Amino acid sequence: MKPSLDIADLKEVARRRVPRMFFDYADSGAWTESTYRANEEDFRKIKFRQRVLVDMTNRSLESTMIGEKVSMPVALAPTGLTGMQHADGEMLAAQAAEEFGVPFTLSTMSICSIEDVASVTKKPFWFQLYVMRDKDFVLNLIDRAKAAKCSALVLTLDLQILGQRHKDIRNGLSAPPKMTAGNLANMAVRLPWCMNMLRTKRRTFGNIVGHAKGVGDLSSLSSWTAEQFDPQLSWKDVAWIKERWGGKLILKGILDAEDARLAAATGADAIIVSNHGGRQLDGAPSSISVLPEIVEAVGDRIEVHLDGGIRSGQDVLKALCLGARGTYIGRPFLYGLGAGGKDGVTLALDIIRKELDVTLALCGKRLITDAGPELLYKGRD
Ligand SMILES: Cc1cc2nc3c(=O)[nH]c(=O)nc-3n(C[C@H](O)[C@H](O)[C@H](O)COP(=O)(O)O)c2cc1C
């Protein structure tokens, strides 16, 4: 098999190894997927300034995100059903991130539970919270994240209701998958995935089943979300969540300068400029296109992070040059996981690290903390 040299290569391997329902779950956006595509396309429009004859020895990608040291400013984004891309996916990705020295964020909608991930890691990971109508359950989730010594709570603001993703409906997405003829045929030609899945007991939503009242079968993600997620979530709720949590708080899903100002006023530690990877409001602008105006609005008051469309270390550098302090990757690590489990996640991170390092050097800088707008080409397109 030819080696995977970039994230696009990993995506193609994942396409062959992961059952269609779960590969498509990752590779999809809402409705026409225009925002999903724009996230990647708008990165391509940004160009670098090439600089020459600069001493390139002693380079470093080390930085910090919310005060935590990172080997490069690239965290793993929270992604639901990660344990369906590969058996025990969240545990494997968390271990890969820990060894690499970057933050791992566990989704509320994960397959492996908070406790599962804590049991296989030594350093604290981050926990992403969705707020449900059942507030006892939410309080309990926060307390479980605290007990597991998570070092940041990532509160997602852009999914009170679920954006429609056509592929998930057509594929009848569920976890575990229903044993229909179509699914069986699709899984039968992906034997390593099936064998690994048979070896684990973790095949449904580990943070929820057995913890939320009256939830036994959560197989239909969309109807469960519609019933359980709190559509009334408001800025006022951020205060009690912050209070109950008592630690570092990151607000995820800001795409508008006005919302960024409201977010900064909550006293949170960071915001993530994000449109949920184009999975929620189709027709919204790409994350990278709104980053400058959000940095301009609140960059002096709160740490600004970004996700959406990052497919290379070059994209990471572009986001940093435009004012992001840190970035997150969703699909790139999921493709790595689907392609090769823990080693695949490490490979995805390594690909991004090398691209980031070489690009920084060819732009004439040695320290990632020196990345700024002067590295970007402002001339003709
Ligand atoms: C398959 C998948 C599942 C996701 N699940 C969640 C989730 O449970 N919680 C959340 O806050 N964001 C979720 N997201 C959004 C990611 O955290 C992140 O915003 C997005 O993936 C970034 O875009 P990228 O995939 O282009 O890197 C999910 C994204 C994907 C692709």
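Order of listing sets the numbers, starting from 1, for every ligand and every atom in it. It should be emphasised that the depicted structure is a prediction, and the values quoted were computed from it without experimental measurement.
- Residue-level proximity to ligand 1 for T156 is carried by the side chain, the only part with a heavy atom below 4.0 angstrom.
- A salt bridge is absent between D24 and R170: the closest approach of a Lys/Arg side-chain nitrogen to an acidic carboxylate oxygen does not fall below 4.0 angstrom.
- The CD1 atom of I271 sits 9.0 Å away from the NE2 atom of H305 when rounded to the nearest 0.5 Å.
- Counting heavy atoms under 4.0 Å from ligand 1, residue R311 touches it through the side chain alone.
- Closest protein heavy atom to atom 7 (C) of ligand 1: Y130 OH, 3.1 Å.
- Nearest approach of F43 to K318, heavy atoms of both residues: O-NZ, 2.9 Å.
- Scanning the protein for heavy atoms near atom 8 (O) of ligand 1, the closest one is S107 OG, 2.7 Å.
- Distances below 4.0 Å separate heavy atoms of A26 from the following atoms of ligand 1: 1 (C), 31 (C).
- With respect to atom 24 (P) of ligand 1, the closest heavy atom belonging to the protein is R331 NH1, 3.5 Å.
- E355 has its side chain out of reach of R311: every pair of non-hydrogen atoms, C-beta onward, lies at least 4.5 Å apart.
- When heavy-atom distances to ligand 1 are checked against a 4.0 Å cut-off, Q128 comes that close only through its side chain, counted from C-beta outward.
- Judged by the shortest distance from any of its heavy atoms, L334 lies inside the 4.0 Å radius around the atoms of ligand 1.
- Closest heavy-atom approach to atom 21 (O) of ligand 1 among the candidates G309, S274, G80, G330: G330.
- Under the 6.0 Å distance and 45° angle rule, R144 does not count as a cation-pi partner of F127.
- Of the options G278, P78, G253, the smallest heavy-atom separation from atom 14 (N) of ligand 1 is shown by P78.
- The shortest contact between atom 19 (O) of ligand 1 and any protein heavy atom is with D307 OD2, 2.7 Å.
- Residue-environment remark: CZ (R366) exceeds the threshold of 12 foreign heavy atoms within 6.0 Å.
- In terms of protein heavy-atom proximity, atom 23 (O) of ligand 1 is nearest to G308 CA, 3.3 Å.
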For this session: Run the numbers on D9 and S4 for side-chain hydrogen bond (donor to acceptor under 3.5 Å, both in side chains), then give the verdict.
Result: CA-CA 5 Å; D9 285 347; S4 292; 5.1 Å; no
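- Ion pairing between R44 and E40 holds under the 4.0 Å rule for side-chain N and carboxylate O.
- Looking at D143 and R244, a side-chain N of the basic residue comes within less than 4.0 Å of a carboxylate O on the acidic one, giving a salt bridge.
- Atom 12 (N) of ligand 1 has its closest protein heavy atom at K252 NZ, 2.9 Å.
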